[in-house]
Amino acid sequence: DHYIGGIDHAILHLLYPRFITKFLHHQHGLAFEEPFVKLTSQGIILGPDGLKMSKSRGNVVNPDEQVESYGADSLRLYLMFMGPYEQGGPYNLGGITGTRRFLERVWSLVGEYQKAGDGQLGSVPAAALTAATHRTVKAVTQDLEKLAFNTAIASLMSFINELYQLKADLPISKNGPWQEAIETLVLLLAPLAPHITEELWEELGYDTSVHRSAWPAWNEELIKDETMTIAIQVNGKVRGEIEIETDASEDQVINAAKAEPKIADLLAGKKLKKAIYVPGRLVSLVI
């Protein structure tokens with residue numbers, strides 16, 4: 001249903017299957033007329049000089065040399081991280097070092113988990129760790145579904161930074177929240193860096209391939225913010241804001257908005273004609 005290919009090949013690649021599909025539809029009763037529902041053309045990777053790679057220009061980057069120096073996974077990640085999939089961009093010979101460092105941090109963190117013992121976590125730190133894990137599952141899953149590889153990798157980089165920050169106050173131990181976080185990290189990274197994750201999955205004690213393992217799911221309840229910020233408009237102009245629980249009712253939000261000191265001063269002695277609440281966003285008061 002989804003055709004993915006270079007724009008320079010699209011004319012013939014799309015012409016032939018459309019011709020064959022329409023022929024089969026009209027002559028042999030095929031149930032559909034179009035071979036593809038969606039078309040995505042990947043961007044072109046340019047040379048370091050910003051021009052299309054060409055031997056005559058002498059700006060071709062040999063991927064074999066990059067694999068030899070940094071590893072295939074570092075190269076794969078860099079090509080996906082350099083920009084939106086549909087845009088491509090110039091190849092920066094120094095950019096691959098960043099993805100290599102990221103993979104090294106993943107390797108080190110999993111190794112640290114492997115050496116850790118059992119431990120008890122406080123409820124608040126454990127909740128923060130679990131929330132970070134489920135937020136990342138949601139972000140990466142949704143990005144991969146729309147081929148947003150660069151932002152999926154950015155979410156994983158943010159996740160690894162958050163894990164390193166959390167372990168300062170929440171020492172790594174072989175318990176539920178840390179086990180879920182580490183294993184989820186490897187699973188989410190697997191489609192993007194298949195070689196290192198296969199090795200790490202085995203190190204984590206699994207005898208089946210990480211690529212045949214179930215994709216993690218997120219729990220919306222675990223990542224829902226406890227409070228939200230609501231803007232307050234008076235006669236169409238924003239005059240203040242309140243912080244309130246996300247599960248507050250409409251009446252509670254409107255009453256809190258009217259009680260906010262700046263808003264209360266504006267309402268003093270005036271008749272409130274209308275109060276409108278746009279869930280999760282704003283309260284509009286008309287006087």
Side-chain angles (χ1 to χ4, degrees), residues 70-74 76-78 80-81 95-144 148-211 213-227 246:
Y70 298 100
D73 283 338
S74 299
R76 284 171 58 94
L77 281 179
Y78 173 66
M80 288 182 278
F81 187 57
I96 193 173
T97 58
T99 54
R100 170 73 184 199
R101 283 196 299 269
F102 164 66
L103 291 177
E104 288 173 348
R105 297 187 77 201
V106 172
W107 183 274
S108 296
L109 192 67
V110 176
E112 192 172 340
Y113 169 78
Q114 285 294 90
K115 297 174 183 176
D118 296 330
Q120 297 295 322
L121 303 181
S123 59
V124 173
L129 178 58
T130 299
T133 301
H134 285 250
R135 276 198 308 270
T136 307
V137 173
K138 180 179 180 178
V140 173
T141 301
Q142 293 179 342
D143 282 341
L144 290 182
F149 303 117
N150 58 327
T151 52
I153 295 169
S155 294
L156 287 168
M157 289 179 170
S158 296
F159 185 40
I160 199 76
N161 287 338
E162 197 165 359
L163 292 180
Y164 270 88
Q165 292 169 0
L166 282 168
K167 77 185 184 74
D169 301 318
L170 188 67
I172 294 179
S173 58
K174 287 187 175 176
N175 55 40
W178 269 115
Q179 180 180 3
E180 181 186 30
I182 295 298
E183 292 185 356
T184 298
L185 172 65
V186 176
L187 286 166
L188 295 178
L189 184 58
L192 308 166
H195 306 95
I196 187 175
T197 50
E198 188 74 285
E199 183 72 18
L200 289 173
W201 197 242
E202 184 178 332
E203 290 291 321
L204 288 172
Y206 291 94
D207 55 7
T208 56
S209 172
V210 66
H211 306 295
S213 302
W215 187 254
W218 75 87
N219 184 336
E220 197 69 38
E221 291 298 317
L222 296 176
I223 59 178
K224 187 165 58 177
D225 291 332
E226 295 182 358
T227 62
T246 54

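Pairing each heavy atom of Val140 with each of Ser155, the nearest pair is CG2-CB, 4.0 Å. Heavy atoms only, all atoms of each residue included: Arg76 and Pro191 are closest at NH2-O, 3.0 Å. Considering every non-hydrogen atom in both Pro177 and Thr130, the closest pair reads CB-OG1, 4.1 Å. Minimum heavy-atom separation, Ile223 to Lys138: CD1-CD, 3.7 Å. Closest non-hydrogen pair, Ser213 versus Ser209, comes out as OG-O, 3.1 Å. Minimum heavy-atom separation, Ile196 to Leu103: CD1-O, 3.9 Å.
Under 3.5 Å, the side chains of Trp218 and Thr141 contain no donor-acceptor pair of N or O atoms. Under 3.5 Å, the side chains of Asn219 and His134 contain no donor-acceptor pair of N or O atoms.
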Identify all side-chain donor-acceptor contacts of residues 183-190 below 3.5 Å with residues at least two apart in sequence or on another chain.
| unit_1 | atom_1 | unit_2 | atom_2 | d |
| --- | --- | --- | --- | --- |
| Glu183 | OE1 | Tyr206 | OH | 3.0 |
| Glu183 | OE2 | Gln179 | NE2 | 3.2 |
| Glu183 | OE2 | Tyr206 | OH | 2.9 |
| Thr184 | OG1 | Glu180 | O | 2.6 |

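Remark: Glu104 pairs with Arg100, Arg101 by the side chain to side chain contact (heavy atoms under 4.5 Å, CB included) rule, at least two apart or across chains.
Rounded to the nearest 0.5 Å, atoms OG1 (Thr197) and CH2 (Trp107) are 10.5 Å apart.
At a threshold of 4.5 Å between non-hydrogen side-chain atoms, the residues Lys115 and Ile172 do not count as touching. In this structure, Gln114 and Leu204 have side chains that are in contact, with non-hydrogen atoms separated by less than 4.5 Å. Between Trp201 and His211, the closest side-chain pair of non-hydrogen atoms is not below 4.5 Å. With a 4.5 Å cut-off on side-chain heavy atoms, Tyr113 and Leu163 do not count as touching. Here the side chains of Leu144 and Phe149 are in contact, with some heavy-atom distance below 4.5 Å. Looking at heavy atoms from C-beta onward, Leu156 lies in side-chain contact with Phe102 at the 4.5 angstrom threshold.
Each of Val106, Thr133, Leu109 was compared with Ile182 under the side chain to side chain contact (heavy atoms under 4.5 Å, CB included) criterion, and only Leu109 meets it.
Of the possible donor and acceptor atoms, none in the side chain of Trp178 sits under 3.5 Å from a partner among the backbone N and O of Lys167. A donor-acceptor contact shorter than 3.5 Å is absent between the side chain of Arg135 and the backbone of Phe159. A donor-acceptor pair under 3.5 Å links the side-chain atoms of Thr99 to the main chain of Ser74, judged by distance alone.
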